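Since the structure comes first, as C-alpha cells, the remarks are kept for the end.
Not measured: the values here are computed from a predicted model. In the text below, chain A, chain B and the rest are named by the order of the sequence lines, each starting its count at 1.
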Protein chains: 2
Amino acid sequence: MKNSQLYKGSLNTIIMKLLGENGRMYGYEITQKVKEITKGELNITEGALYPALHKLEAEGLLDVEVEKVDNRLRKYYKLTESGQTETVSRLAELEEFIKNMQSIVNPKLSY
Amino acid sequence: MKNSQLYKGSLNTIIMKLLGENGRMYGYEITQKVKEITKGELNITEGALYPALHKLEAEGLLDVEVEKVDNRLRKYYKLTESGQTETVSRLAELEEFIKNMQSIVNPKLSY
DNA sequence: TTTTATGTATAAGAAACTTATGTATATTTG
DNA sequence: CAAATATACATAAGTTTCTTATACATAAAA
C-alpha cells in the first residue's frame, strides 16, 4: 500500500472481505478493485499484496487455484471455511476499530 | 497498543488529536484517556507511547515541559504551531481512511 | 508488606509495509 | 513497427511501528 500509515494492518481484512464478497479473485484483480472502490485513493502494492496472500494461504484461510488466461498466469484465491469464519470476526474487529477511532476524533458524538 | 493490527499507524494521530483537544497532557494521562474513551478496548502500551512522543518531539510537532507533581516526574506535551497544522492534515487523512474502509466493508452504502 | 497504581524509559524482536528489482505476455500508442 | 503501458506474479533489502520484557522510582491500597 502506497499510502498513509493508517492503512497498515488493514490489508488482510480488506483482502478477506473482498474474497468473501466476490467468491474468488486473483491478486491483480484485488488491487484494481480496491483502487476502484476507493476512487484511486488506496493503492495496494505488489510487495505488500503477494506476501500477504501467501501468508493467508499458509495459515489455511485461503485456497488457491492456478489458471492460464490469455496465455498469462492467474492465481485465483478464495476463502476456506475457516477463512470465512475468520473474516466474520475480523470485520467485527474492524467495525470496533472504526467506532473507537470515531470516538477519539469526534468525542461529542460518542455518547 | 495491545490490540488488533488495525491500530498500527494510528497512534500518532491519536496522540496529536488528544493534545489538540486538551491543550497539554503527559504520557500516562494519554494512556488513561484513550482507555476511557474506548471503554477499555484500546490500551496504549508504554513501549509504543514513549518512543512515539519522543519522535514527535524530535520532528518539531510537540513541545515538552517537565514538572514534578506529588514528588513524581511528569512530562507535559503540547502541540507546536507546526504540530497544529500537521494535526489538521492527519485528521483529514484519518477521515478519508475511515471513509475508504467503510466503502470496502459496506459497498452498498458507498454510492 | 506485598501488590497495584502512577510515571517515565529503553532494548530486542516481530510484523507489516515500501521500494526496488526481476520475469513474462498482451495491448496500446506514437 | 517500436516503445510504452497494462496485465500478472514474485522476492529481497530495508524501514517503521508495534509488542514484550525489563528497569527505575514513588504513592496508595490490600
Side-chain angles (χ1 to χ4, degrees), chain A residues 1-16 24-36 40 42-59 61-62 64-77 90 93-94 97 100-101, chain B residues 1-16 24-36 40-59 61-62 64-77 90 93-94 97 101:
Chain A
M1 285 182 278
K2 195 179 293 167
N3 306 282
S4 93
Q5 298 289 351
L6 294 167
Y7 292 92
K8 284 196 183 226
S10 58
L11 179 57
N12 286 341
T13 305
I14 291 171
I15 291 171
M16 291 169 76
R24 65 172 212 167
M25 299 177 85
Y26 55 99
Y28 187 75
E29 188 184 8
I30 292 172
T31 65
Q32 300 309 301
K33 190 75 181 175
V34 168
K35 201 182 288 184
E36 179 202 323
L42 176 51
N43 291 295
I44 298 176
T45 58
E46 314 97 306
L49 178 68
Y50 293 113
L53 287 171
H54 300 160
K55 201 186 172 205
L56 289 170
E57 192 198 343
E59 288 168 353
L61 301 174
L62 303 186
V64 65
E65 286 164 12
V66 183
E67 282 182 31
K68 208 159 196 176
V69 179
D70 285 333
N71 207 34
R72 269 199 240 91
L73 202 73
R74 280 187 191 170
K75 289 196 170 181
Y76 281 97
Y77 290 91
R90 294 208 191 183
E93 260 182 39
L94 177 58
F97 165 67
N100 282 331
M101 290 306 286
Chain B
M1 286 183 275
K2 195 179 293 168
N3 306 281
S4 91
Q5 298 288 352
L6 294 167
Y7 292 91
K8 279 202 185 226
S10 58
L11 179 57
N12 287 339
T13 305
I14 291 171
I15 291 171
M16 291 169 76
R24 67 172 209 166
M25 300 178 82
Y26 56 99
Y28 187 74
E29 188 183 9
I30 291 173
T31 66
Q32 300 309 300
K33 190 74 181 174
V34 168
K35 200 182 288 186
E36 179 201 322
E41 278 185 37
L42 177 52
N43 292 294
I44 298 176
T45 57
E46 314 97 308
L49 179 68
Y50 294 113
L53 286 171
H54 300 160
K55 200 185 173 204
L56 289 170
E57 191 197 345
E59 289 168 353
L61 300 174
L62 302 187
V64 66
E65 286 165 9
V66 183
E67 283 181 31
K68 208 160 194 175
V69 180
D70 285 335
N71 207 34
R72 269 198 240 93
L73 203 73
R74 280 187 190 171
K75 290 196 170 181
Y76 281 97
Y77 290 92
R90 293 206 191 184
E93 259 183 38
L94 177 57
F97 165 67
M101 290 307 286

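Nearer to the 5' terminus of DNA chain C, by closest-nucleotide assignment, is the contact made by K55(A) (compared with the other of K55(A) and D70(A)). For the pair Y76(A) and N12(B), nearest-nucleotide mapping onto DNA chain D gives the more 5' position to Y76(A).
Here dA16(C) presents its P atom at 13 Å from CE of M16(A), a figure rounded to the nearest Å. The CD atom of E46(B) sits 18 Å away from the P atom of dA12(C) (whole-angstrom rounding). K8(A) has its NZ atom 17 Å from the P atom of dG14(D), to the nearest Å. L56(B) has its CG atom 14 Å from the P atom of dT16(D), to the nearest Å. Distance CD (E67(A)) to C1' (dT25(C)): 17 Å, rounded to an integer number of Å. In this structure, L49(A) atom CG and dA16(C) atom C1' are separated by 13 Å, rounded to whole Å. Distance, L73(A) CG to dA26(C) P: 13 Å, rounded to whole Å. If you measure from atom CD of Q5(A) to atom C1' of dC18(D), you get 12 Å, rounded to the nearest angstrom.
N12(B) has its side chain out of reach of E59(B): every pair of non-hydrogen atoms, C-beta onward, lies at least 4.5 Å apart.
Heavy-atom minimum distance, S10(A) versus M101(B): CB-CE, 3.7 Å.
Not one side-chain nitrogen or oxygen of N71(B) sits closer than 4.0 Å to the OP1 or OP2 atom of dA25(D). Residue Y50(A) has no polar side-chain atom (N or O) positioned under 4.0 Å from OP1 or OP2 of dA10(D). Close to dT11(D), at under 4.0 Å from its OP1 or OP2, lies a side-chain N or O of H54(A).
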Side chains of residues 65-74 of chain A: which donor-acceptor partners sit under 3.5 Å, not counting sequence neighbours?
| residue | atom | partner | partner atom | Å |
| --- | --- | --- | --- | --- |
| E65(A) | OE1 | R24(A) | NH1 | 2.9 |
| E65(A) | OE2 | K78(A) | NZ | 3.2 |
| E67(A) | OE2 | R24(A) | NH1 | 3.0 |
| E67(A) | OE2 | R24(A) | NH2 | 3.0 |
| R74(A) | NH1 | Y76(A) | OH | 2.8 |
| R74(A) | NH2 | Y26(A) | OH | 3.3 |

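Closest contact between the side chain of K75(A) and the listed nucleotides dC17(C), dC18(D), dA10(D) involves dA10(D).
Among residues two or more places apart in sequence or in another chain, the salt bridge (charged side-chain N to carboxylate O under 4.0 Å, His left out) test is passed with K35(A) by none. Remark: T31(B) engages Y28(B), I44(B), L49(B) in a side chain to side chain contact (heavy atoms under 4.5 Å, CB included) (not counting sequence neighbours). Partners of F97(B) according to the ring-ring contact (aromatic ring centres under 6.0 Å, His included) rule, which considers only residues two or more places apart in sequence or in another chain, are Y7(A).
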Which atom pairs link the protein and nucleotides 5-7 of chain D when you take only N or O atoms and keep those under 3.5 Å?
| residue | atom | partner | partner atom | Å |
| --- | --- | --- | --- | --- |
| dT7(D) | OP2 | Y28(A) | OH | 2.0 |
| dT7(D) | O5' | Y28(A) | OH | 2.9 |
| dT7(D) | O3' | R72(A) | NH1 | 3.3 |
| dT7(D) | O2 | R72(A) | NE | 3.3 |

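Across all strands shown, G27(A) has heavy atoms under 4.0 Å from sugar-phosphate atoms exclusively, and none from any base.
In this structure, N43(A) contributes its side chain and G40(A) its backbone to a donor-acceptor pair below 3.5 Å.
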